[in-house]
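Numbering of ligands and ligand atoms starts at 1, following listing order.
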Amino acid sequence: MGLLDGKIAVVFGVANHRSIGWQIALAFAQQGATLAFAAQERVLPEVQKLAATLGEPAVFPCDVQNDSDVPAVFAALGERYGGVDAVVHSLAFANREDVSGRRFVDTSRAGFLLALDVSAYSLTLIAQAAEPLLAARGGGSIVTMTYMGSERVIPNYNVMGVAKAALECSVRYLANDLGPKGIRVNAISAGPQRTLAARAIAGFPDMEKHVATHAPLRRNVEGQDLGSAALYLCSDLGRNVTGEVLHVDGGYNIIGM
Ligand code: NAD
């Protein structure tokens, strides 16, 4: 018996096998979920190849900056399955120059809006479109990925930290709005993972080394750790948990010095 037997889960934000979204998809598939993916056009071939290893999951093109893409994904899922049980939001974007060496104070209006639009507003857009499909199944779970740069200053994380703060706050407001329909909304605050998005942040290897030597557990997190945390939040194990930011970072966030 799998924890997600009979459940339909859609994952937004896989680019390749290193993507956190892919690690979560693997954990869900192992526990019996039927998966679907929504991915940017430029990574579609890679996502289709990966998805094929899990059977025949639906793969939809989706750019969260395009107003019609997200509703189209949920319309297609509605036609195919009649509802959805779990939604994974695992995507973010900022201009490289805004996360590589220049000061936060020098962020342009355009760079700020881009980071906040893709990395934070997209969760609300996805929640809007997902609500009727999750409600059709009597409730469900939405999970997003965040990082401690929302709470503390992390070198070079800059505008992405501001976007993650908005994302985490959105989690609380969305959880309050959708809770009466049995829809839970939570975030996982992950320790550093060597993915495409992470490599855009200047000094990323130093972050990894620092966490491995200073976190209480003295190690970096692995993809499987994030898959397990998402499984908890999206299965019955987390049935009374909503509006939370769950740190999965070897305990690094509790350290003051
Ligand atoms: P990744 O590069 O594998 O995934 C990022 C995804 O965002 C890609 O699939 C990309 O296609 C998607 N994306 C970017 N702009 C988009 C748009 N306009 N429309 C649709 N999709 C778009 O990197 P990742 O590290 O797996 O990132 C997933 C999430 O995890 C992000 O929110 C990231 O901030 C968060 N996170 C990552 C780390 C880390 O160290 N890697 C730590 C904490 C949180």
Side-chain angles (χ1 to χ4, degrees), residues 10-26 37-48 50-51 59-70 72-73 88-96 98-99 113-123 125-126 129 143-152 154 156-168 170-171 187-212 215 220-223 225-227 229-230 245-250 252-253:
V10 56
V11 180
F12 287 78
V14 174
N16 58 35
H17 72 282
R18 289 182 181 276
S19 296
I20 293 171
W22 178 246
Q23 300 300 324
I24 293 174
L26 287 177
F37 295 90
Q40 270 184 307
E41 200 83 49
R42 66 184 176 86
V43 295
L44 268 186
E46 184 60 23
V47 177
Q48 272 155 348
L50 286 171
V59 181
F60 305 104
C62 179
D63 189 312
V64 296
Q65 287 199 286
N66 181 334
D67 275 339
S68 56
D69 281 8
V70 171
V73 169
V88 177
H89 171 277
S90 183
L91 60 94
F93 187 79
N95 285 327
R96 189 174 279 263
D98 288 330
V99 289
L113 293 177
L114 175 67
L116 272 281
D117 183 23
V118 175
S119 317
Y121 178 68
S122 60
L123 179 68
L125 182 68
I126 286 172
V143 68
T144 183
M145 296 306 307
T146 187
Y147 177 58
M148 195 188 65
S150 62
E151 307 163 54
R152 323 253 172 100
I154 302 290
N156 298 310
Y157 204 63
N158 297 354
V159 72
M160 192 53 85
V162 176
K164 292 300 193 192
L167 179 74
E168 291 171 20
S170 305
V171 162
I188 296 170
S189 185
Q193 284 284 297
R194 207 172 300 178
T195 61
L196 264 186
R199 286 207 309 252
I201 298 159
F204 178 79
D206 298 334
M207 276 157 90
E208 265 188 315
K209 270 193 224 131
H210 192 78
V211 169
N220 276 301
V221 297
E222 293 174 3
D225 303 327
L226 304 175
V245 178
L246 172 63
H247 290 84
V248 181
D249 62 353
Y252 184 77
N253 72 95

Evaluate the ring planes of Y252 and H210, with Trp represented by its six-membered ring, and classify them as parallel (under 30°), tilted (30 to 60°) or perpendicular (over 60°).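 The arrangement is perpendicular - the two ring planes meet at more than 60°.
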
Atom CD1 of I20 and atom CG of D225: how far apart are they, to the nearest 0.5 Å?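 One finds 11.0 Å between CD1 of I20 and CG of D225.
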
Rounded to the nearest 0.5 Å, what separation is found between the CG atom of N158 and the CG atom of N95? 12.0 Å

Could you tell me whether a side-chain N or O of S150 sits under 3.5 Å from a main-chain N or O of G161, the two making a donor and an acceptor? no

Donor-acceptor contact present, side-chain N16 to main-chain S19, <3.5 Å: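 Looks like yes, one N/O pair under 3.5 Å.
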
Can you work out which protein residues put a heavy atom within less than 4.0 Å of ligand 1? G13, V14, A15, S19, I20, Q40, R42, C62, D63, V64, S90, L91, A92, F93, V118, M145, T146, Y147, K164, A190, G191, P192, Q193, T195, L196, A197, A198, F204

What closest approach, in Å, do H89 and L123 show between heavy atoms, and which atom pair accounts for it?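 In terms of heavy atoms, the two residues are closest at NE2-N, 3.6 Å.
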
